[in-house]
Amino acid sequence: MDVRFKPGDVVRVRNAYPLGHIRTPFYIRGHTGVVERICGTFGNPEELAQMRSGEPRQPLYRVRFLQKEVWPAYQGNPEDVLEVEIFQHWLE
Amino acid sequence: MKDSGEYQPYSYFQLMEVSLRELLVEKGIVSEAQVAATVADMRERTPERGAKVVARAWSDASFRKKLLANGSQAIEEIGLDVPALKLIVVENTPQTHNMVVCTLCSCYPRMLLGIPPDWYKSRSYRSRAVSEPRVVLTEFGLIIDKNVKIRVHDSTADMRYLVLPMRPAGTEGWSEERLAAIVTRDCMIGVAVPKLI
């Protein structure tokens, strides 16, 4: 699986709600952030949870979001961030 | 199993555990000795392992650099056995405070910190750490100045996180053992900072 993004790229988390074992938290779906680093490639948890091979393995990223963009009523430093691990097939 | 005391029937989860273990042993997938050895290993993993890593990083600048660049590799180099751990170490600085949560379940660097505390697995911590971290930290007794940025790390997939706290002033010349003694579990999750005892 090609690594499509690099650190610094602006990415949006897919706003989708499929059934199954999904490691993309609901609260972050549809939000836009910046790739902080590439963690490597790992078996796809949605496949592994079904006792399948996890192939094709997916690149995993850490994506950084501004708190005030994720939570409109956020109180705190406007530069406070939230960093979440997200698999490539959840990013666009 | 205790030799004395009143008879208590197994709870639902105890019964599940015993049934599953006995089946695995009966089918020859694992032995009782392997199960006992794994439980013993798990019990041996305590936050003292993480504290040792932090104390080393405070004492050795080149180790600190390696630890931040590649956590798993650096801790293997100091002889800690951490099978399959993908570790990211995040460093507190005068400008940034880090805190760790797993909103989906209870992912935690067990190899370095042992069994997670109950509050780490609670619905309240898991949901509020990402949405109002400053309020949560205040409840832990930690007030982070508004000028300091907070980075919350949601451990949603394969990586595990350890916070490298700032070394407190007044610890100059301390041995690694003495330093490790002030590094608590909560400091390495990011809900506390080390204090001089």
Side-chain angles (χ1 to χ4, degrees), chain A residues 1 7 11 13-14 17 20-29 31 33-49 54 57-91, chain B residues 68-73 84-109 123 125-138 142-163 190:
Chain A
M1 181 78 46
V11 289
V13 184
R14 279 171 50 211
Y17 298 86
H21 178 76
I22 312 286
R23 302 298 304 183
T24 305
F26 274 63
Y27 72 83
I28 213 66
R29 297 185 196 177
H31 288 281
V34 172
V35 173
E36 190 260 346
R37 76 177 80 179
I38 303 167
C39 302
T41 60
F42 295 91
N44 181 348
E46 293 155 34
E47 293 292 308
L48 292 171
R57 288 161 69 88
Q58 287 285 338
L60 179 66
Y61 301 88
R62 303 193 70 240
V63 183
R64 178 179 286 174
F65 303 87
L66 277 174
Q67 287 279 24
K68 64 178 167 61
E69 288 189 7
V70 180
W71 315 103
Y74 185 78
Q75 305 274 317
N77 186 318
E79 289 181 53
D80 283 357
V81 294
L82 179 53
E83 300 183 14
V84 187
E85 288 162 52
I86 303 176
F87 286 93
Q88 179 165 281
H89 63 293
W90 274 90
L91 296 175
Chain B
L68 294 170
N70 186 335
S72 307
Q73 201 183 326
L85 173 67
K86 299 275 175 206
L87 183 71
I88 289 182
V89 178
V90 287
E91 183 184 35
N92 286 349
T93 68
Q95 293 81 36
T96 309
H97 179 83
N98 292 278
M99 117 187 229
V100 182
V101 62
C102 171
T103 57
L104 297 178
C105 44
S106 58
C107 297
Y108 189 73
R123 197 164 274 268
Y125 179 77
R126 285 161 46 209
S127 55
R128 294 176 60 225
V130 285
S131 60
E132 46 177 19
R134 286 174 188 269
V135 182
V136 174
L137 291 177
T138 304
L142 182 61
I143 294 165
I144 300 294
D145 190 277
K146 185 132 190 220
N147 296 316
V148 175
K149 279 195 288 180
I150 293 190
R151 273 174 88 190
V152 177
H153 304 272
D154 189 357
S155 184
T156 48
D158 293 74
M159 315 308 285
R160 297 292 175 268
Y161 297 87
L162 187 80
V163 175

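First the proteins, then the strands, lettered A, B, ... as listed; each starts at 1.
Using a 4.5 Å cut-off between heavy atoms, A/Gln58 does not touch chain B at all. Only the backbone of B/Asn147 comes within less than 4.5 Å of a heavy atom of chain A; no side-chain atom from C-beta onward does. With a threshold of 4.5 angstrom between heavy atoms, A/Ile28 does not approach chain B through any atom at all. For chain A, no part of B/Val135 is nearby; none of its heavy atoms comes within less than 4.5 Å. In this structure, the portions of A/Leu82 lying under 4.5 Å from any heavy atom of chain B include both its backbone and its side chain.
Nearest approach of A/Pro25 to B/Leu104, heavy atoms of both residues: CA-CD2, 4.1 Å. The two residues A/Tyr74 and B/Ser131 have their closest heavy-atom pair at CD1-O, 3.4 Å. A/Arg23 and B/Cys107 get closest at one heavy-atom pair: NH2-SG, 3.7 Å.
Considering only heavy atoms from C-beta on, B/Asp154 comes within 4.5 Å of A/Tyr27 through its side chain. Using a 4.5 Å cut-off on side-chain heavy atoms (C-beta onward), A/Arg37 and B/Ile88 make contact.
A side chain to side chain donor-acceptor pair (under 3.5 Å) with A/Asp80 holds for exactly one of B/Lys146, B/Arg134, B/Lys149; it is B/Arg134.
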Show, in sequence, the C-alpha distance, side-chain angles and deciding distance for B/Asp158 and A/Phe87, and conclude whether the side chain to side chain contact (heavy atoms under 4.5 Å, CB included) test is met.
CA-CA 10 Å; B/Asp158 293 74; A/Phe87 286 93; 3.4 Å; yes
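Remark: side-chain polar atoms of A/Glu83 are not paired, donor with acceptor, to backbone N or O of B/Arg151 under 3.5 angstrom. Remark: the backbone N or O of A/Glu85 is paired with a side-chain donor or acceptor of B/Thr156 at under 3.5 angstrom. Although no hydrogens or angles enter the test, the distance criterion places a donor-acceptor pair under 3.5 Å between the side chain of A/Gln67 and the main chain of B/Val130.
With rounding to the nearest 0.5 Å, the separation of NZ in B/Lys86 from CG in A/Leu60 is 11.0 Å.
For A/Gln75, the CD atom sits in a loose shell: 12 or fewer heavy atoms of surrounding residues, nucleotides or ligands are nearer than 6.0 Å.
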